[in-house]
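Data first, discussion second: the structure below is written as structure tokens.
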Amino acid sequence: VVTWNAMIAGYTRNGMMDDAEKLFEKVPEKNVISWNAMVSGYAQNGRIEDARNLFDKMPERNVVSWNAIIAGYVQTGRIDEAYELFEKIPSRSMVSWATMIKGFAQNGRIEEARRVFDSMPERNVVSWNAMIAGYAQNDRIEEANRLFETMPDRDRVSWSTMITGYVQAGRVEDARLLLDRMPNPNVVSWTAMITGYIQNRRLDEARQIFDRMPERDIVTWNAMISGFAQDGKIEEAHHLFDRMPVRDVVSWNSMIAGYAQNRKPENARQLFDKMPEQNLVSWNALIAGYAQNGHGEDAFKYFFKMLKKGVKPDNCTFTSVLSACASLAALEQGKQVHENVIKNGYDLDIFVGNALITMYSKCGSIDFALWMFDEMSERD
RNA sequence: CGUCCCAUAGUCUAUUAA
């Protein structure tokens, strides 16, 4: 059973849910762990309804089953449903609590996260870290710091969370002070610091850390590539790209976006064609590059190409394509894209809504633009 | 003691320019 379970988990971790299902169905013997692996697999792959169905069918559940399904709801932003289940758990573990804290925090409901945190019977370092990250991500770095100072034990996650928090608050110097005070910095903390310098366009300091750190991983390389490329140092970025030991889809995407940003959509396309495997972001980066550089026709072309390939566009795709329609004053195409937006079924994102308004007004359809404005549930 | 399932930290893409 253990071996089967390991295989199921292996499949789900790689997003191979079909294989996982097949194995799960024909396995001669399963236990609660097999079920958990499946539930968690669906949840991690965004198939929360499937996860829930399976969860409801389970012959027996343990706390891991509950945690997995709750994490699924959290991940899709359905925090109230997550909380409903959380309240029903027969007995909660540390994981349950941390999941809920993160859930509230990442939906901007930081006070509720805090209430969960405060009502915990006991806490471990992950609970503290989740709460700190919650404050940091909600731009309340001072409160994050207060917890950081008072927590009983800090691990590397705690330190890295704070470094990232200071970076996001625009306080690179404080981030650096923390890094220098950190007992055992690792590749994550260094990379967070690199990102901080990059965001403040202090590429020399980013490079200095990069050169001095004893080990780098693919995320470190990607952060450097993206930073240099976005800052117009596309040659340097490419050099890093060539030098790095292993490239993943993010590395390629960073280069594509870099070329797009530097008004070289054709170079972007060359990389796009050359990369071993494209994902949604690759398409988006390429299309955005075309849209932003006055190649609206190519933006369309690739938009339809991706549809044909069965790649599902998201809000990023739509905003780019719509802005291409706007600059070409292409009302017909714009309407077509609008249909796709509707077909996609999300309710109107504020970015997409704005893009639609802009598109319709630039195309001379003020009525449609006004109508969109009324349709939007959220405006800025 | 001896890692079959669940939680916390770092990297890629988008709208708005008199």
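We name chains A, B, ... by the order of the sequence lines, and we start the count at 1 in each one. Excluded from the calculations below are hydrogen atoms, water molecules and symmetry mates; all remaining heavy atoms, backbone and side chain alike, are included.
- Among A9(B), C12(B), A14(B), the nucleotide with an atom closest to any side-chain atom of Q137(A) is A9(B).
- A salt bridge does not link D242(A) with R247(A): none of the charged nitrogens is closer than 4.0 Å to a carboxylate oxygen.
- Contacts between residues 174-194 of chain A and RNA chain B, counted as heavy-atom distances below 4.0 Å, involve N186(A), V187(A), V188(A), T191(A), A192(A).
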Could you write out each protein N or O paired with an N or O of nucleotides 16-18 of chain B at a distance under 3.5 Å?
none

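- Residues passing the side-chain hydrogen bond (donor to acceptor under 3.5 Å, both in side chains) test with S34(A), sequence neighbours excluded: N5(A), N31(A).
- Within 4.0 Å of T220(A), counting heavy atoms only, lies at least one base atom of the nucleic acid.
- Within 4.0 Å of D248(A), counting heavy atoms only, lies no atom of the nucleic acid at all.
- You'll find that the side chain of I33(A) is closest to C4(B), out of A14(B), C4(B), C6(B).
- Considering only side-chain N and O atoms, Q230(A) lies under 4.0 angstrom from the phosphate OP1 or OP2 of U13(B).
- Side-chain atoms of K102(A) lie closest to U8(B) of the nucleotides U13(B), U8(B), U11(B).
- A salt bridge between R52(A) and E84(A) is absent, with no side-chain N of the basic residue lying under 4.0 Å from a carboxylate O of the acidic one.
- In this structure, A355(A) reaches the sugar-phosphate backbone alone: every heavy-atom distance under 4.0 Å involves primed, P, OP1 or OP2 atoms, never a base.
- In the set C4(B), U13(B), U8(B), U8(B) carries the atom at the smallest distance from any side-chain atom of N129(A).
- By the 4.0 Å N-to-carboxylate-O rule, K102(A) lies too far from E112(A) to be salt-bridged with it.
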